[in-house]
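Heads up: the structure comes next, in structure tokens.
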Amino acid sequence: MPLADIDIEPVSRESTAGIIARQLRDAIMTGALPPGTQLGETELAAQFQVSRGPLREAMQRLVSEGLLRSERHRGLFVIDLEPEDVYDIYSARAAIERAAVFRVLHGDVATAADQLDEAVAAMAEAAKQDDPNALSDADLHFHETLVAASGSKRLVRMARTLLIETRMCLSLLEHTYREVDERVTEHNRIIQALRDGDRDRALELLDAHMEDAVARLAPGTSLFDAPPARSDT
């Protein structure tokens with residue numbers, strides 16, 4: 001069927017609800033709205049200078065995305081990342097990024113490593129400037145770059161679904177490092193293993209990197225054990 005015969009409406013500008021949802025999503029992702037934060041309609045409506053209609057629509061979008069939870073008679077809250085959530089996020093990431101490493105090592109390793117070097121350089125600069133938010137952004141970019149270097153559209157798509165929760169985890173991780181250089185060093189070691197073509201070492205370092213994050217975010221939890229039981233809510 002010719003496109004001219006299809007009833008397609010022109011794309012409208014982003015709605016007010018969409019703008020509010022995007023800003024709230026970014027605030028949740030970066031930790032400006034930490035896990036467990038209660039969102040009050042009155043305060044937010046005043047802050048956004050909007051009526052409650054588009055605000056409620058925006059918040060319901062985030063509920064459907066799993067970023068807000070609704071408690072009867074209490075309101076809406078930013079989701080908490082429980083140990084089982086942390087385990088789930090990092091076990092999924094490990095599967096995706098391990099697959100990416102296999103593909104990277106069968107492709108243009110030098111180019112991939114150079115791109116990863118740029119991400120680590122951004123991490124080092126953020127650490128130097130004492131900018132935790134930029135450091136976490138650069139950390140996330142490293143892992144996005146690794147998956148993109150695999151050349152797999154499906155791995156990229158799967159990684160993208162974990163983007164917001166991963167960024168939330170990175171915001172929480174900011175407070176667990178005594179020396180921010182630890183994060184830079186961990187990533188540099190992965191790059192060197194890729195440059196050396198040492199698949200086993202690269203996978204070992206990647207696993208250790210994921211395991212370390214889980215141990216920091218959910219003490220007593222390990223990716224090498226069974227997943228923790230989901231707590232009753």
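When reading the values below, keep in mind they use all heavy atoms of this one structure, side chains included, and skip hydrogens, waters and symmetry mates.
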Main-chain N/O of A218 paired to Y87 side chain as donor or acceptor, under 3.5 Å: no
Close side-chain approach of E186 to L205, heavy-atom, < 4.5 Å: no
Sidechain-backbone polar pair: S136 side chain, N133 backbone, donor-acceptor under 3.5 Å: no
L162 reachable from V156 in the ILVMFWY side-chain graph, under 4.5 Å edges: yes
Nearest heavy atoms of P35 and L81, plus distance in Å: CB-N, 4.5 Å
Partner set under salt bridge (charged side-chain N to carboxylate O under 4.0 Å, His left out) for D196, not counting sequence neighbours: none
Minimum heavy-atom distance between A58 and A21, given as atom pair plus value: CB-N, 3.6 Å
Atom pair CG/CG of D207 and D212 - distance to nearest 0.5 Å: 12.5 Å
Heavy-atom pair with the smallest gap, counting every atom of T16 and P54: CG2-CB, 3.9 Å
Working for side chain to side chain contact (heavy atoms under 4.5 Å, CB included), residues R52 and L44: CA-CA 9 Å; R52 294 195 180 190; L44 284 175; over 6 Å; no
Shortest non-hydrogen separation from C169 to I89 and the atoms involved: SG-CD1, 4.0 Å
Exam field: side chain E211 to backbone L223, donor-acceptor pair closer than 3.5 Å: yes
Partner of L170 under side chain to side chain contact (heavy atoms under 4.5 Å, CB included), chosen from D139, L217, D137: D139
R199: partners by side chain to side chain contact (heavy atoms under 4.5 Å, CB included), with sequence neighbours left out: F102, L105, L203
Donor-acceptor side-chain pairing of Q47 and E43 below 3.5 angstrom: no
D114 and R195: CA distance, side-chain angles, deciding distance, side chain to side chain contact (heavy atoms under 4.5 Å, CB included) verdict: CA-CA 9 Å; D114 287 345; R195 287 193 185 279; 2.7 Å; yes
Distance in Å, R22 CZ paired with S15 OG, rounded so as to fall on 0.5 Å steps: 10.0 Å
Heavy-atom closest contact (I28 atom, M168 atom, distance): O-CG, 3.4 Å
Shared hydrophobic cluster, L24 / F77 (ILVMFWY, side-chain heavy atoms < 4.5 Å): no
Spacing of L33 atom CG and R25 atom CZ [to the nearest 0.5 Å]: 12.5 Å
CA sep, side-chain torsions, deciding dist, call: D85, E82, side chain to side chain contact (heavy atoms under 4.5 Å, CB included): CA-CA 5 Å; D85 298 309; E82 302 293 344; 3.5 Å; yes
Counterpart residues, side chain to side chain contact (heavy atoms under 4.5 Å, CB included), relative to S152 (two or more places apart): R103, S150, R154, L155
Rounded distance [0.5 Å steps], CD in E144 versus CD in Q115: 13.0 Å
Nearest heavy-atom neighbours spanning R61 and G18: NH1-CA, 3.3 Å
Hphob cluster co-occupancy, V109 + V120, side-chain heavy atoms under 4.5 angstrom: yes
Chi angles and distances behind the side chain to side chain donor-acceptor pair (under 3.5 Å) call for R167, S171: CA-CA 6 Å; R167 186 60 178 79; S171 293; 2.6 Å; yes
Check: T176 main-chain N/O paired with R216 side-chain donor or acceptor under 3.5 Å: yes
Atom pair CZ/CG of R189 and L206 - distance to nearest 0.5 Å: 14.0 Å
Side chains of I191 and F142 in contact at under 4.5 Å (non-hydrogen atoms): yes
Hydrophobic cluster identity match, L62 and V50, side-chain contacts under 4.5 Å: yes
Parallel, tilted or perpendicular: rings of H187 and H209 (30°, 60°): perpendicular
N/O donor-acceptor pair under 3.5 Å between D198 side chain and A193 backbone: no
Test item: R69 side-chain N/O and V78 main-chain N/O as donor-acceptor pair under 3.5 Å: yes
ILVMFWY cluster, I96 and M210 together (side-chain gap under 4.5 Å): no
L135 backbone acceptor or donor facing E174 side chain under 3.5 Å: no
Intermediate values then yes/no, salt bridge (Lys or Arg N to Asp or Glu O under 4.0 Å), D181 and K128: CA-CA 9 Å; D181 287 346; K128 181 180 177 181; over 6 Å; no
CD on E65 to CD1 on I164, rounded to 0.5 Å: 6.0 Å
